[in-house]
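Contents: one structure, followed by commentary.
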Amino acid sequence: MTESTPVGTAPDEPADEDLKRLAEMHGVSTEYWDYHGNRAAPGRATLVAVLAALGVAAATDAQIKASLADAELAPWRRILPPTVVRRQGWEAPVAVHVPDGATVTVRVELESGGSVELEQAEDWERPREVDGVLTGRASFRIPGDLPLGWHTLVAEIEAVEGRPATTATAALAMTPDRLELPASLGERGWGVMAQLYSARSADSWGIGDADDLTELASFFGDEGADFLLINPLHAAEPSGEMTPSPYLPVTRRFVNPIYIRPEAIPEMTRLSGPRRSLIQWSLEELAATNRTVAPIDRDTIWKLKRDALEVVFSAGRSRSRRRDFERFRAEAGEGLERFALWCALTEEHGEMADWPENLKDPSSAFVADEARALTDRIDFYAWLQWIVDEQLARAQEQAKASGMALGIMDDLAVGVHARGADVWSEPEAFASGIEVGAPPDMYNQLGQNWSQPPWSPVYLAETAFQPLRDMVRTVLRHAGALRVDHIIGLFRLWWIPEGMGAASGAYVRYDHEAMVGVVLLEAYRAGAVIIGEDLGTVEPWARDYLASRGVLGTSVLWFEKQGDGWPLQPQDYRRLALSTVNTHDLPPTAGYLADEHVTLRERLGLLADPVEQVRAEAGAERDRMIERLREHRLLGANPSEREIVEALHRYIARTASALIGVALVDCVGERRTQNQPGTDQEYPNWRIPLADSSGEPVLIEDLPGNARLASLFQAIRQEMGQRRTPRD
């Protein structure tokens, strides 16, 4: 092959050994097991495109040869690695590369002040020539008793053979070896899972909000619950059409202000009567929708709520409130300012795809000029984040005051919108020309493309994982636990080059030791628990690794099977897990028992097999579950739907799992699913308001008197032997 010969253009053309070796050196897997159990391999075109996204040239044989040499020498060209992540309690070395014969000392400057000199360890690696300089490697021991936190490694090299003295630095994260469950939880705990947007009160603006969250948490805490798991609250589009899915946000760091309750803002008291009337009129226009089961109309709700919030914002703030707002902006830093600017630009120019080219670079002079012109709008969008932050803080305060051990459990989506604020604000953090998805499986035989750009593992390491740190820290500001969607994404992601099918992708590995460590450090500082959504195809070693770090897994009753296909026995469930009967991607339990998941998929044309076969399989699954419940003496003859639902929850409550989750939809008898995977406009995903078994809307005020909810909660408390009794 000559220098100008491309390395294949067909996705199915096999890669040669040199290209495979180069890919593996950069964390790109060159083989994987497909859903049939066969070994599969990405083609040449896929590997070339993925490597290009990582900044590695591999289009010709000459480029491959040069890139292999660069990969071999890359660590030797740096004195210190860009970022070092270590576990507390484990002594570990760090490699330092210096001119051969030079004297080097290394110390750790602690985050809290002071420093620790590191001892040199034996290192028998032979020197090698690097760009004309004979370079040696020295190793230094990082002690395991360093305090948790972000420290700085400092290497000082003395002058040698005419070369000046040199100082190099690198970030050092000392992370928890393992997160422990809080003592307040005791041996086990239970809680409720709710889609916040669907849980409305009589005073809601047509959608559940932070005030509703406060009331939900207070009520569930009084009933003995230890947590309230909610959908991701990540920000969506500030104008135009708002994406309904909370799992496709424009940013994962900041919150969707649609969850603000305007009347709870202190500045409401500063409004004149006519201005207050403007807000009341908007509320009255939406309040009637709380008593319907029509799909939630986020666009109309946000337009009216935003108008109301504009009125409150224009009223100004007292001196102390201005100071609080300024302090919040200072703490949030550049990230908030860029997000607020993106919101203002989106409001002014529409979707990013329609922006003038000179505004697509956030560091350009044109953007700076636009920011000066949009100062008031930037202030408004920053103010919205301050207000929603205050209201979420109150929700967590009330959750803990009600007796909850954890309080609010937030949810973290796996990625962001390709044309959202995160990608615009920090484009270099994302791999260009790549989308994330999943390889073909039994449910999606062509694979899945989620249309989300992945983080660049190179950029993460070079910036001391700053995007990950900032995101997790912000999400955990007012939460006692965090569910991480698709947690295997901290280990690897399926990268799909743009223009290729979802099947023509490759797994790209991330530094999971560092990624998980960073998450645990932020969780430790926030006093929070981490739950990883590890459903689907996850290697056993990854689950074992997460458990060893104190990260809980996720178990769903319908998915937990023995080798013979029968339901897993309660004693065989994992201890470190959040175990539930269902998930938001399935119908509520009442609907699942009635084969709603089959009926809906048939109506939407999503079944790959004949409907009769699918119904028979669903019936067999249900019959086996009923038999298992009777085996444990949880059901009698001719049980009602309610009795089966309670028996299923009693079943999971008998497991050893540390956390047990009860879906709010199961508490009230709802039958409609919140989200039907594989659909977009065909089904009103993420827009279903809470209703009961007869299709009547259920408001938060209705919950204390709901007999079905009271009975299910009582069953859970009995099975778990909960000592804390519900309050009157």
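Small disclaimer: the values here were computed from a predicted structure and weren't measured.
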Does the distance from a Lys or Arg side-chain N to an Asp or Glu carboxylate O, for [X] and [Y], drop under 4.0 Å?
X: R87; Y: E513; value: yes
X: R525; Y: E111; value: yes
X: K20; Y: E31; value: no
X: R21; Y: E24; value: no
X: E357; Y: K360; value: yes

Using modelled atom types only, decide if a donor and an acceptor are shared between the side chain of [X] and the backbone of [Y] within a distance under 3.5 Å.
X: E533; Y: H486; result: yes
X: T83; Y: A171; result: no
X: T46; Y: S504; result: yes
X: S364; Y: N358; result: yes
X: R86; Y: P93; result: yes

**Request:** Hey, could you give me each pair passing ring pair (Phe, Tyr, Trp, His ring centres under 6.0 Å) that has a residue in residues 45-81? Not counting sequence neighbours.
**Result:** W76-H97

**salt bridge (Lys or Arg N to Asp or Glu O under 4.0 Å) assessment of D379 paired with R329** = CA-CA 10 Å; D379 290 346; R329 290 182 78 164; 2.9 Å; yes

For [X], is the [atom1] atom crowded, meaning more than 12 foreign heavy atoms sit under 6.0 Å from it?
X: E119; atom1: CD; result: no
X: R163; atom1: CZ; result: no
X: Y459; atom1: OH; result: yes

Minimum heavy-atom distance between [X] and [Y], given as atom pair plus value:
X: M409; Y: R483; result: CG-N, 4.3 Å
X: A418; Y: P453; result: CA-CD, 3.7 Å
X: A481; Y: A528; result: N-CB, 4.1 Å

**Fill in**
Rounded to the nearest 0.5 Å, the CG atom of L336 sits from the CG atom of D470 at a distance of 11.5 Å

**Prompt:** Taking atom CG of L68 and atom CG of L19, what is their separation to the nearest 0.5 Å?
**Reply:** 9.0 Å

**Message:** Ring-plane angle category for F430 and W455, please: parallel below 30°, perpendicular beyond 60°, tilted otherwise.
**Reply:** tilted

**Aromatic contact, H512 with W541 (centres under 6.0 Å)** = yes

**Message:** Counting the benzene-type ring for Trp, do F254 and W342 have ring centres under 6.0 Å apart?
**Reply:** no

**Message:** Any heavy-atom pair between the side chains of L468 and M515 that's under 4.5 Å?
**Reply:** yes

**Prompt:** Does the pair E334 and R253 meet the rule for a salt bridge (Lys or Arg N to Asp or Glu O under 4.0 Å), with working shown?
**Reply:** CA-CA 12 Å; E334 181 65 19; R253 184 175 175 186; over 6 Å; no

**Member of M471, H417, R252 meeting the side-chain contact (heavy atoms from CB on, under 4.5 Å) criterion with H234** = R252

